[in-house]
**Q** 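One structure, pasted below without further comment.
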Amino acid sequence: MTPRTMKPSDGIAWVTGGSSGIGAALAHQLAKAGWKVAISARRKDKLEEVAASFSGKGRIIAVPVDLTDAKAVEAAVAGLEEREGPIALAVLNAGIYLPVQAEAPKFEDYQKTFEVNLSGTAACICALTPRMSARKTGQIAIVSSATSFGGMPTASAYGASKAALVNMAACLRIELDRHGVLVQAITPGFVETPAQDDNAFPKPFMVSADTAARRIAAGLHSKRFEITFPRRFTWALKAIYALPYGWSLPLVRKQTGWDKPI
């Protein structure tokens, strides 16, 4: 069965990490297009603020859940589908960025990053794919990052988790295609969110959360595997990382200011 992109008449949309940033902006974008959008994160009050701030033909509903608790995620998805109908579109966006200084790393930062970014996404996948496969329809978009393309200073935890998400999406794309489920990976460049305040290096071509949401929403209408933006940045970054490591790593070090003596 050939996968197809989903539309509001197919069911509801579920956006994780929906209490702020890209997730909140995307929820508004999808709701404007007529979707009933469920947004999830841990803080109920923040989710309800996002839901209450929307007015239009769609609808946003708050579904608080700790995404690192696989049993809670399964229960939340089951309850959501029972109340509101099948999840046709899922955008797995929840994630954190904890900078790691290589000369003084903290294991807890690695652990927390992998728990939220990787294990949290895996919990959502485990709740979603059996249902979508049984229905022979559905669309899942996993939000990674351009950091997944190659090494970046202070991102040894974040980048590793985001690279793993692209690989996860690629594996799922291969397997779920025959079940009629479309899987995509989203690899944005720098997006203006509070997490970027912790990045000490230059952030070229940064876009707002609203712009990112529009780019993602447009990409969800296509069947291409990767939704990446802004392309003038992400394609240039891909070209750099396509070089041999002996060239690409010094180039990244120079461009990010990590070539200066301390």
Side-chain angles (χ1 to χ4, degrees), residues 6 8 10-98 108-109 111-132 138-145 158 161-162 165 168 186 191 193-195 209-210 212-213 216-217 220:
M6 295 290 100
D10 293 316
I12 67 171
W14 183 38
V15 179
T16 66
S19 61
S20 63
I22 295 174
L26 180 61
H28 276 243
Q29 195 71 29
L30 293 174
K32 288 177 184 176
W35 283 94
K36 180 186 292 182
V37 186
I39 53 174
S40 291
R42 286 182 299 177
R43 292 190 58 179
K44 182 179 180 181
D45 58 335
K46 293 294 185 182
L47 293 171
E48 290 179 341
E49 285 179 14
V50 174
S53 66
F54 176 76
S55 60
K57 62 179 180 178
R59 180 184 167 205
I60 300 177
I61 56 177
V63 182
V65 63
D66 181 353
L67 295 168
T68 66
D69 183 337
K71 291 182 178 179
V73 172
E74 170 63 32
V77 168
L80 178 59
E81 291 206 334
E82 183 178 347
R83 295 189 306 273
E84 306 290 347
I87 296 172
L89 169 64
V91 182
L92 307 182
N93 165 72
I96 59 171
Y97 171 72
L98 298 176
E108 293 79 8
D109 290 339
Q111 187 175 42
K112 183 65 174 178
T113 299
F114 297 156
E115 182 181 34
V116 175
N117 297 2
L118 189 53
S119 295
T121 301
C124 296
I125 290 296
C126 289
L128 288 168
T129 58
R131 291 175 168 83
M132 290 184 174
Q139 184 174 0
I140 300 172
I142 298 176
V143 179
S144 176
S145 163
Y158 180 79
S161 72
K162 292 299 186 177
L165 290 179
M168 178 189 291
I186 302 170
V191 179
T193 63
D210 287 337
I216 292 170
L220 293 173

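Along the sequence shown, residues are numbered consecutively beginning with 1. Both backbone and side-chain heavy atoms feed into the values below; hydrogens, waters and symmetry mates do not.
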**Q** With R83, which residues qualify under salt bridge (Lys or Arg N to Asp or Glu O under 4.0 Å), at least two apart?
**A** none
**Q** Mind checking the CE-CD1 spacing from M168 to I140? Nearest 0.5 Å is all I need.
**A** 10.5 Å
**Q** For I12, run the side chain to side chain contact (heavy atoms under 4.5 Å, CB included) check against L89, I61, L80, L30 and tell me which one passes.
**A** L80
**Q** Given side chains that start at C-beta, do those of L98 and E108 come closer than 4.5 Å, heavy atoms only?
**A** no
**Q** Between R43 and D45, is the closest basic N to carboxylate O distance under 4.0 Å?
**A** yes
**Q** Minimum heavy-atom separation for V37 to A27, with atom names?
**A** CG2-O, 3.8 Å
**Q** Does anything in residues 52-64 form a salt bridge (charged side-chain N to carboxylate O under 4.0 Å, His left out)? List the pairs, not counting sequence neighbours.
**A** R59-E84
**Q** Side chain of Q139, backbone of L220: donor and acceptor closer than 3.5 Å?
**A** yes
**Q** Taking the side chain as everything from C-beta on, heavy atoms only, tell me whether V73 gets closer than 4.5 Å to C124.
**A** yes
**Q** Which pair of heavy atoms, one from A62 and one from L47, lies closest together, and at what distance?
**A** CB-CB, 3.6 Å
**Q** Could you note down all residue pairs passing side-chain hydrogen bond (donor to acceptor under 3.5 Å, both in side chains) where residues 10-20 supplies at least one of them, sequence neighbours left out?
**A** R4-D10, W14-S40
**Q** Of all heavy-atom pairs between W35 and P8, which one has the smallest distance, and what is that distance?
**A** CZ2-N, 3.6 Å
**Q** Excluding sequence neighbours, so at least two apart, what forms salt bridge (Lys or Arg N to Asp or Glu O under 4.0 Å) with R42?
**A** none
**Q** List the atom of L118, the atom of S161, and the distance in Å for their closest heavy-atom pair.
**A** CD1-O, 4.5 Å
**Q** Checking the side chain of E81 only, and the main-chain atoms of I87 only, is there a donor and an acceptor separated by less than 3.5 Å?
**A** yes
**Q** Among L165, I186, L128, exactly one meets side chain to side chain contact (heavy atoms under 4.5 Å, CB included) together with L92. Which residue is that?
**A** L128
**Q** For F54, check ring-ring contact (aromatic ring centres under 6.0 Å, His included) against everything at least two apart and list the hits.
**A** H28
**Q** Closer than 3.5 angstrom, by distance alone: can the side chain of S144 be matched with the main-chain N or O of K162 as a donor-acceptor pair?
**A** yes
**Q** Would you mind reporting whether K44 and E48 have side-chain heavy atoms less than 4.5 Å apart?
**A** yes
**Q** So, using salt bridge (Lys or Arg N to Asp or Glu O under 4.0 Å) as the criterion, who are the partners of E74 when residues are at least two apart?
**A** R131
**Q** If every non-hydrogen atom of N117 is compared with every non-hydrogen atom of G95, which pair is closest and at what distance?
**A** OD1-CA, 3.1 Å
**Q** Is a side-chain donor or acceptor of N93 paired with a backbone partner of G17 at a separation under 3.5 angstrom?
**A** yes
**Q** Quick one, V91 and V143 - any side-chain contact, counting heavy atoms below 4.5 Å?
**A** yes
**Q** Could you check V116 against K112 for side-chain contact (heavy atoms from CB on, under 4.5 Å), going step by step and ending with a plain yes or no?
**A** CA-CA 6 Å; V116 175; K112 183 65 174 178; 3.9 Å; yes
**Q** With rounding to the nearest 0.5 Å, note down the distance linking CD1 in I60 to CD in E49.
**A** 13.0 Å
**Q** Over all heavy atoms of both residues, which pair between A213 and Q29 is shortest? Give the atoms and the distance, please.
**A** O-CG, 4.1 Å
